[in-house]
**Student:** 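So that we are looking at the same thing, I have put the structure below in structure tokens.
Naming convention: chains lettered A, B, ... in sequence-line order (proteins, then strands); numbering from 1 in each chain. Side chains included, hydrogens not; waters and symmetry mates left out as well; all remaining heavy atoms used.
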Amino acid sequence: MEEMDHAGRPGENIPTDTQPLALDDERRVKVLSPGMLVFKRFVRNRLALTGAIIILFMFVFSFLGGWLSPYHESEVFKDYAPMNKLYAAVTENEEFRYVLAEGATFDSTAKSKMILAITRGEITFESGGNVYGLEQEGENFYRVTSASVVASGKGIKNQFKLQPIEGFAPPADFTQRFEEAVRAGQKSFVTADGQAFLLRTSKVEAKVLMQADLALASKLIFSGEYSDDFAFRLAAERAMQAGTDAVFTADGQSFGLTFSERGVATFTDAQGATVGQASHFVMKASQVGTVFPDGFAEAVQDAIARGDTRFTLADETGADRLYLLERNAKEYIVRTELDTYQIKIYSTPTVDHPLGTDGNGMDVVTRLMYGGRVSLLIGFVVVFLETLIGVVLGGIAGYFGKWLDNLLMRIVDIINCLPSLPLYVILGAIMDAEKVEPSLRIFVLMGAMGLLGWPTIARVVRGQILSLREQEFMTATEATGLSVKRRIFRHLVPNVIPQLIVIATMTLGGVILTEATLSFLGLGVKYPLASWGTIINAVSSIYVMTNYWFVWIPAGFLILLTVLGFNFIGDGLRDAFDPKMKR
Amino acid sequence: MKRYILKRMLLSIIILFFVAMLIFGIMRVIPTSFVEKKAMERAQMPGSRSYTEWIRILNEQFGMSGNVITGFFNWLGKVIQGDFGDSWKFTIPVTRKFAQVIWDSFWLGFITMILRVIIGIPLGILSARKQYSKTDYAVTVFALIGISLPTFFFATLLKLLFSVQLGWLDLFGKVGRDYLTLGTWGQALDVAKHYIMPVLTLTIVSVGDLMRYTRTNMLEVLNSDFIRTARAKGLPERTVIYRHAFRNTLIPVVTLLGYTLPSLFGGAMITETLFQIPGIGYTSYQAMLEGDIPFTMFYLMFMAVLTLLGTLLADILYAVVDPRVRIE
């Protein structure tokens, strides 16, 4: 108790001068205002001072820190990291793929008619009024030709008078060849310039149809710049039928064809550069814009043929890259380590993120700062609400007494009986079910806590006022005829304030604890908003609790320190306001 | 004295009536969409009644659609007969579920209370005797840290230490996985082992209050005149403290304990939930999250009764030990 006695009894501060001072010397008496006395006593209390420093730190950390932090509250951090990802899917092609000649159309009805014709072994088929010719060039390799009527004529007994349709210029030997074919009973004829014609005759009518290449149907998959070039495809696949390396020409250019051991055909142009490949496999890249490296198709097929589950291939920089191959029913899946843009979750502390990142890839320190704002704000608002209601109702009850006091105190009793934590839990569960906005939740929570918390304060205020009411100064205010409002708020309430401050400070700690508990249970403040309790919520996964201490331990200590700080201050304030009660 | 107790009890019953009304009102204020959602969820469970039937049952049970006043009195009439309805989540009568789970909560609370008394009162007295010494500061700081510790944080730290790092105790639950293969003693030991962390948590978090309360009252007593007289008379310090001071300190402390006695049955919702001890707290927590209205209503009423009982007990005890109170 000696600490405050110096302030309490100024008479002891006698200067040790050689000259003794007179009893009424004003230097002997150092007068301090009551506020100053309280302050001095408070500062001398080591625990109280520690508490004040802790709370000051929390404020600086939360409000100034959040403002100074380079990151936002819910900024998500991402980075590139190698990750084994799906790279391509490889399947053996079992369907016909079509390459159309320039300007030709070949609709899907015609395609299905063609397949029907192939299975039936027919060489012509009709679709949509057009007649198509089908020529097998090799196994699973067909050339589709369209046949259109170029000349028709009527006649009898194999004597027809042909009339060419408009825009068709018949070659010089057209009529002669036609007549020869009719006479020989042939179904087609070829003129000197190599153009083939089909012949359809009945007894009275003859039609000449001209054949033109329309499309190629093949089960081979071509890659490279010429993969859609009709002439190239035709020439290349014809050359491939022999199954040996060859040279062929298409579009007036000469190309080389080489087969690998595994039967993959590679085409080179006159300069020897690779211009494409043909194989039975379809390769679908799993990401848009993927360019398969050189020799990828071959490497995949090699691996499939060998039954390997992995192969390496040099990438564009020349470094070896490992690919993993797995079979999935009819499909082969190729995986490789790709640089993936990912959210940095639970990254260990670094200079950029002193406490790492949390499960959402947000900076923990920044979350703690903003969480501190929310926690402190909720604490202060709730305590303000409680104090407001408590002072008004407690003041009324204490001052007017009688039935009003009785009524209000019973209300206090009733509210005191309501179990607050279960009610908050129910409220949280309802707000979860109703999907209330996270920011609105905070307000609802603050309102609920304020409404359920005021009875304590009301009781204290009432008790104080009851004892103050009987004192002489109150009789004096009555005698001087002051208004009731003035008597309550100017004379009674200021005398209650010391007690009130102590209670409010202690309550603050409790409110912050309750809020943290609710947020921890996931029923209070919700993502994306942060509060210290929400941050610790991460430990509901045992894995996080065990491995990522940096996410939840700091938040726990911040709560502990803040509540402790408020309790220290409350304790110190109580002692400072009322030294007699110091214990 | 009899009159005083009777008066207090009557008052408690009146308060309880209004508390019941308020709780009923709160459950009615729950948005209907929430109730509808719950009915929908229930209707979708295999073999359940239909949605409209659930809504009807719900309304019937709690008078949700009818008049608030009549609904309340209907409910109250059943409650007085001890009928709290069937729990939705546990599908048995609420009171039967309560009887199943209450003893776990009681034992947790009972052991905690004993530890609180054993630790809190001696430390409080020690701290008061050596006021402003290093011991006093240490005890004060310890008590305040206990009060300021978030339960969930402390429990998690304990789990990290004892379950993860040392591997001595299980993270959750009341019994281990080979509980059924153990003998009677083994089973008791197994449960005791699972109680260690919850009890430790509850004790540390709650011991500070008693410690500081004891200290405050001890200081008050030590400053009173009869202690000065006892010292002046030349009594040994031991006698002064333990015969004269301690007995007088006991008055308010016993009152405080009387106040906490009913809360032995109240369960510790957070701690039980964190350690998944199937007491009334954990059970109610699950019921509340799942919108099990019958169980929740029961739990809220139960808690209110406990609080009232605590206040009543404290007041009566105070009147018993301190005759001055009775005059009022």
Side-chain angles (χ1 to χ4, degrees), chain A residues 1-3 46-47 50-51 410-411 413-423 425-430 432-434 506 509-510 512-513 516-517 520-523 532-533 536-537 539-540 542 545-546 549 552-553 555-557 559-568 571 580-583, chain B residues 11-12 14-16 18-19 22-23 26-27 30-31 33-34 37-38 128 131-132 137 140-141 144-145 147-154 156-157 159-160 163-165 171 212 215-220 223 266 269-270 273 284-285 288-291 296 299-300 302-308 311:
Chain A
M1 204 173 273
E2 27 50 79
E3 309 157 16
R46 255 175 282 162
L47 284 186
T50 316
R410 295 298 83 77
I411 292 178
D413 283 343
I414 289 169
I415 294 191
N416 237 7
C417 269
L418 290 178
S420 50
L421 196 59
L423 283 178
V425 170
I426 295 171
L427 187 70
I430 292 172
D432 268 0
E434 299 281 306
M506 301 280 211
I512 289 175
L513 267 186
T517 306
F520 169 76
L521 293 174
L523 300 163
W532 288 334
I536 306 186
N537 193 1
V539 300
S540 42
I542 302 295
M545 177 185 119
T546 334
W549 62 269
W552 62 276
I553 293 210
F557 277 107
I559 300 174
L560 171 62
L561 278 178
T562 308
V563 180
L564 197 62
F566 280 123
N567 279 332
F568 278 167
D571 229 37
K580 275 180 300 187
M581 292 286 285
K582 184 162 189 188
R583 40 182 83 118
Chain B
L11 196 64
S12 297
I14 294 169
I15 290 174
L16 192 63
F18 283 105
V19 169
L22 206 59
I23 287 175
I26 289 170
M27 294 318 269
I30 288 176
S33 63
F34 174 77
K37 210 174 283 173
K38 283 291 154 200
Q131 200 187 9
Y132 300 129
Y137 271 113
T140 305
V141 170
L144 282 177
I145 286 181
I147 294 170
S148 310
L149 256 180
T151 316
F152 58 92
F153 181 58
F154 186 61
T156 315
L157 284 180
K159 279 183 185 177
L160 187 65
S163 304
V164 179
Q165 302 289 340
L171 274 171
R212 288 184 61 70
R215 178 177 179 269
T216 310
N217 286 297
M218 189 72 181
L219 277 178
E220 202 170 336
N223 282 334
M269 198 168 76
I270 307 295
T273 304
S284 315
Y285 180 72
M288 284 187 280
L289 283 197
E290 306 214 357
T296 308
Y299 179 62
L300 292 181
F302 178 63
M303 292 303 281
V305 168
L306 286 186
T307 315
L308 270 176
T311 329

**Student:** Measuring heavy-atom distances to chain B, does A/Leu523 have an atom under 4.5 Å in its side chain, in its backbone, in both, or in neither?
**Tutor:** side chain
**Student:** Side chains of B/Phe153 and A/Ile536, heavy atoms from C-beta outward: is any pair under 4.5 Å?
**Tutor:** yes
**Student:** Output the option from B/Thr273, B/Leu308, B/Val141, B/Leu300 having the highest count of non-hydrogen pairs under 4.5 Å with chain A.
**Tutor:**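 Among the listed options, the one with the most contacts to chain A is B/Leu300.
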**Student:** Among A/Asn416, A/Thr562, A/Ile553, single out the residue with the greatest number of heavy-atom pairs under 4.5 Å to chain B.
**Tutor:** A/Ile553
**Student:** Between B/Thr296 and chain A, which part of the residue has a heavy atom less than 4.5 Å away: side chain, backbone, both or neither?
**Tutor:** side chain
**Student:** Among B/Ile23, B/Ile145, B/Leu306, which residue has the highest count of heavy-atom pairs closer than 4.5 Å to chain A?
**Tutor:**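 Winner by heavy-atom pair count: B/Ile145.
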**Student:** Among residues at least two apart in sequence or on other chains, which ones pass side-chain contact (heavy atoms from CB on, under 4.5 Å) with A/Leu427?
**Tutor:**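 A/Met431, A/Val444, A/Ala448.
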**Student:** Would you check if B/Pro150 and A/Phe520 make a side-chain contact, meaning some heavy-atom pair closer than 4.5 Å?
**Tutor:**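 They are not in side-chain contact.
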**Student:** Need one label for A/Phe557: side chain, backbone, both or neither, based on atoms under 4.5 Å from any heavy atom in chain B.
**Tutor:** both
**Student:** Quick one: which of B/Val305, B/Thr140, B/Ile270 has the most heavy-atom pairs under 4.5 Å with chain A, could you say?
**Tutor:** B/Ile270
**Student:** Heavy-atom distance under 4.5 Å to chain B: side chain of A/Leu564, backbone, both or neither?
**Tutor:** both
**Student:** Tell me, side chain or backbone of A/Leu521 under 4.5 Å from chain B's heavy atoms, or both, or neither?
**Tutor:** both
**Student:** Side chain, backbone, both or neither: which part of B/Tyr299 has a non-hydrogen atom closer than 4.5 Å to chain A?
**Tutor:** side chain
**Student:** Where do A/Leu513 and B/Ser148 come nearest, in terms of heavy atoms and distance?
**Tutor:**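 Answer, listing the atom of A/Leu513 first, then B/Ser148: CD2-O, 3.6 Å.
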**Student:** Can you tell me how far OG1 of A/Thr546 sits from CD of B/Gln165, rounded to the nearest 0.5 angstrom?
**Tutor:**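 So the CD of B/Gln165 and the OG1 of A/Thr546 are separated by 8.5 Å.
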**Student:** State whether B/Phe18 and A/Arg410 meet the cation-pi test: NZ (Lys) or CZ (Arg) under 6.0 Å from the six-membered ring centroid, and within 45° of the perpendicular axis.
**Tutor:** no
**Student:** Nearest 0.5 Å, what's the CZ-CG distance between B/Arg212 and A/Asp571?
**Tutor:** 4.0 Å
**Student:** Is any side-chain heavy atom of B/Met288 less than 4.5 Å from a side-chain heavy atom of B/Met269?
**Tutor:** yes
**Student:** May I ask you to name which of B/Leu11, B/Thr151, B/Ile147, B/Ile26 has the most heavy-atom pairs under 4.5 Å with chain A?
**Tutor:**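 Option with the top pair count is B/Leu11.
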**Student:** Sort A/Trp549 into side chain, backbone, both or neither according to what part of it lies under 4.5 angstrom from a heavy atom of chain B.
**Tutor:** neither
**Student:** Indicate yes or no: at least one non-hydrogen side-chain atom of A/Leu421 is less than 4.5 angstrom from one of B/Tyr285.
**Tutor:**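 Counting from C-beta outward, A/Leu421 and B/Tyr285 never come under 4.5 Å.
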**Student:** Output the option from B/Thr307, B/Val164, B/Leu144, B/Ile14 having the highest count of non-hydrogen pairs under 4.5 Å with chain A.
**Tutor:** B/Leu144
